[in-house]
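Below: the structure, in structure tokens.
Everything quoted here is computed from the prediction, not taken from an experiment. Order of the sequence lines fixes the chain letters, A, B, ..., with proteins taken first and strands second; residue numbering starts at 1 for each chain.
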2 protein chains.
Amino acid sequence: MPTVSSEELAAAAGVNSAKLRKDFSYLGSYGTRGVGYDVEYLVYQISRELGLTQDWPVVIVGIGNLGAALANYGGFASRGFRVAALIDADAAMTGKLVAGMPVRHTDELEKIIVENEVSIGVIATPAGAAQQVCDRLVAAGVTSILNFAPTVLSVPDGVDVRKVDLSIELQILAFHEQRKAGEGGAPAEAEGAVGVEGAAAKVTKPATTADSDRAGDDNKGPDGDVPAVMPA
Amino acid sequence: MPTVSSEELAAAAGVNSAKLRKDFSYLGSYGTRGVGYDVEYLVYQISRELGLTQDWPVVIVGIGNLGAALANYGGFASRGFRVAALIDADAAMTGKLVAGMPVRHTDELEKIIVENEVSIGVIATPAGAAQQVCDRLVAAGVTSILNFAPTVLSVPDGVDVRKVDLSIELQILAFHEQRKAGEGGAPAEAEGAVGVEGAAAKVTKPATTADSDRAGDDNKGPDGDVPAVMPA
DNA sequence: ATGTCTTTGTGAACGCGTGCACAAAGATGG
DNA sequence: CCATCTTTGTGCACGCGTTCACAAAGACAT
């Protein structure tokens, strides 16, 4: 199949064909009227626009379970990412092979960054070490950081940080799961698990509101639509 | 600070105060006019709505580096998730302690799900095993799946799947990094890294368009705004 | 008790993104 | 070379979410 129409692509992706065409048009006019889009050419153009045709050297700092998992992750190489080095603060780890690559010590961090012209760093350290590692990465020239540590990093302007919270997705699933179970009393209720049990009784709200606890009210929003409190 | 106003919260979160109030109103009328929101009560209500006050037993299948990292992840317990069991297909892993918990063999999967009333499963297996594990989880009663394996899972209606691609975030960083480097020739260009080098020359487009390669065109969208091809 | 002041809750307006619908473009066949 | 048919590229309109702005509610001081 050398060409595809926007209609076919849209159907496959489950989106509107007009939107797909409009999106493509931002990249330029790469389609041929009456025929469609040349598949190979389209793939190339999108890849290039997304930066997939570039070689991005990255370092992974913190080679614990997560760091090792990331080092072994196959999806990186196929997207143009090249793991330039694995770095860990534990001297006992130095030289060990992870994903076929020797772990380097933190002392060499700056040198590694500069020599490999690394601009993207991945932090998979414990929370306590994250900010310190981040500062060193930035000082050495890294301008984009992917943070897996459960901390909010502060960085100077011009540096991008993206935080990945592995439990967020689980949270979203649990939210929908709660909905499936119905509004009524869900199973395995563990009141006070977050350490605020009795909060509803302590507050100064009228007892009627606090005690009824929303059981039975229809939870309509101000505009009358369904409750929109829903992650992603 | 026993209470907060929507204005303070909005400023802290960097959002509009009216939107924040409207969002809160979907949960009910928990504020007090002239005062604000009772912090403790508000935290409790939001926690409850989000499902944080419930106890969610989960199983993690595939105890490799990633599975182990997830088992050790601190963020789960604090959000109401309880790891009911770690499951792996490798008999050599059975009984080993990971995050202070013995690894169970896949043979016991169904039993574990049923006994613990697990409704959420996490798949951290290699891609090849994911669908099979998924099918068994669903058959045993799991209705929400968090998939870390690089495969698209097919599930019956009523089952939610969320796929986590660890390289997506890296991709987004690289995209912005590319933008920072300017439109001109970026460093470390690796033409053809995705195996389509020469694609621009092979296609049947007029040579003028293909060769100019968009250098110099202003890349305006159909409505005249800035190029909106930008992940997240 | 009454007035003033603060802050909520929400109706209404605005703006942006999505989808519709069609003219222009190009391929294909006669 | 012309007619027809397919598919793109995009102006336009609709709808939804965000923001504005204000009336109602309650606290607090006098």
Side-chain angles (χ1 to χ4, degrees), chain A residues 1-43 45-46 49 203-210 214 217-232, chain B residues 1-39 41-42 45-46 49 203-210 214 217-232:
Chain A
M1 188 186 253
T3 62
V4 271
S5 68
S6 61
E7 204 67 56
E8 293 170 290
L9 276 177
V15 297
N16 183 285
S17 68
K19 176 164 163 43
L20 192 142
R21 285 199 299 278
K22 193 166 280 190
D23 283 357
F24 282 2
S25 78
Y26 283 95
L27 302 173
S29 287
Y30 296 142
T32 307
R33 294 170 191 231
V35 177
Y37 298 88
D38 182 278
V39 173
E40 195 179 15
Y41 187 62
L42 185 64
V43 166
Q45 288 298 343
I46 294 176
E49 190 73 22
V203 295
T204 55
K205 298 277 299 179
T208 52
T209 307
R214 263 197 58 245
D217 75 41
D218 56 4
N219 196 29
K220 288 284 186 57
D223 293 324
D225 32 43
V226 295
V229 192
M230 184 167 129
Chain B
M1 189 187 251
T3 61
V4 273
S5 68
S6 61
E7 204 66 54
E8 292 170 290
L9 276 176
V15 297
N16 184 286
S17 68
K19 175 164 162 45
L20 193 141
R21 285 198 299 279
K22 192 165 278 187
D23 283 357
F24 281 2
S25 77
Y26 283 95
L27 302 172
S29 286
Y30 295 143
T32 306
R33 294 169 191 231
V35 176
Y37 298 89
D38 182 278
V39 173
Y41 186 63
L42 185 63
Q45 288 298 342
I46 294 176
E49 191 72 23
V203 295
T204 55
K205 296 278 300 179
T208 52
T209 306
R214 261 195 59 245
D217 75 42
D218 56 6
N219 196 29
K220 289 282 185 60
D223 294 323
D225 32 51
V226 296
V229 192
M230 184 165 131

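In this structure, A:Phe24 atom CZ and D:dT7 atom C1' are separated by 14 Å, rounded to whole Å. The separation between B:Leu20 atom CG and D:dG17 atom C1' is 15 Å, rounded to whole Å. Between the C1' atom of C:dC20 and the CG atom of A:Asn16 lies a distance of 8 Å, rounded to the nearest Å. Atom CG in B:Asp38 sits roughly 15 Å away from atom C1' in C:dT8 (whole-Å rounding). Taking atom CG of residue A:Leu42 and atom P of nucleotide D:dT7, one finds them 16 Å apart after rounding to whole Å. Rounded to an integer number of Å, the gap from B:Glu7 CD to D:dT19 C1' is 12 Å. Separating the OH atom of A:Tyr30 from the C1' atom of D:dT7 is a distance of 19 Å, rounded to the nearest angstrom. When the C1' atom of C:dT8 is taken as reference, atom CG of B:Leu27 falls 15 Å away, rounded to whole Å.
We find the CG-OG distance between A:Asp23 and A:Ser6 to be 11.5 Å, quoted to the nearest 0.5 Å. Taking OG of B:Ser17 as the reference point, atom NZ of B:Lys22 lies at 11.5 Å (rounded to 0.5 Å). Residue B:Asp38 holds its CG atom at 10.5 Å from CD of B:Gln45, rounded to the nearest 0.5 Å.
Heavy atoms of B:Ser6 sit under 4.0 angstrom from primed sugar atoms or phosphate atoms, though from no base atom. Using a 4.0 Å heavy-atom distance criterion, B:Tyr37 is classed as a sugar-phosphate-only contact.
A close approach under 4.0 Å does not occur between any side-chain nitrogen or oxygen of A:Tyr26 and OP1 or OP2 of D:dT10. Look at B:Lys19 and you'll find a side-chain N or O under 4.0 angstrom from OP1 or OP2 of D:dT18.
The listed nucleotides are D:dA21, D:dG9, C:dT18; the one nearest the side chain of B:Arg21 is D:dA21.
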What do the steps show when you test A:Leu9 against A:Leu42 for side-chain contact (heavy atoms from CB on, under 4.5 Å), and what is the final call? CA-CA 12 Å; A:Leu9 276 177; A:Leu42 185 64; 4.1 Å; yes

For this session: Please assess B:Phe24 against B:Tyr37 for the test side-chain contact (heavy atoms from CB on, under 4.5 Å), listing each intermediate value before the final yes or no.
Result: CA-CA 10 Å; B:Phe24 281 2; B:Tyr37 298 89; 3.6 Å; yes

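A:Ile46 is listed as a side-chain neighbour of A:Leu27, based on a closest heavy-atom distance under 4.5 Å.
Under the salt bridge (Lys or Arg N to Asp or Glu O under 4.0 Å) criterion, no residue pair touches residues 4-13 of chain A, with sequence neighbours excluded.
Each of B:Glu8 and B:Ala18 was matched to the nucleotide of DNA chain C holding its nearest heavy atom; the match closer to the 5' end belongs to B:Glu8.
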Its contact letters, B for base, S for sugar-phosphate only and - for none at protein heavy atoms under 4.0 Å, make nucleotides 25-30 of chain C read B-S---

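A donor-acceptor contact under 3.5 Å links the side chain of A:Lys22 to the base of C:dG19.
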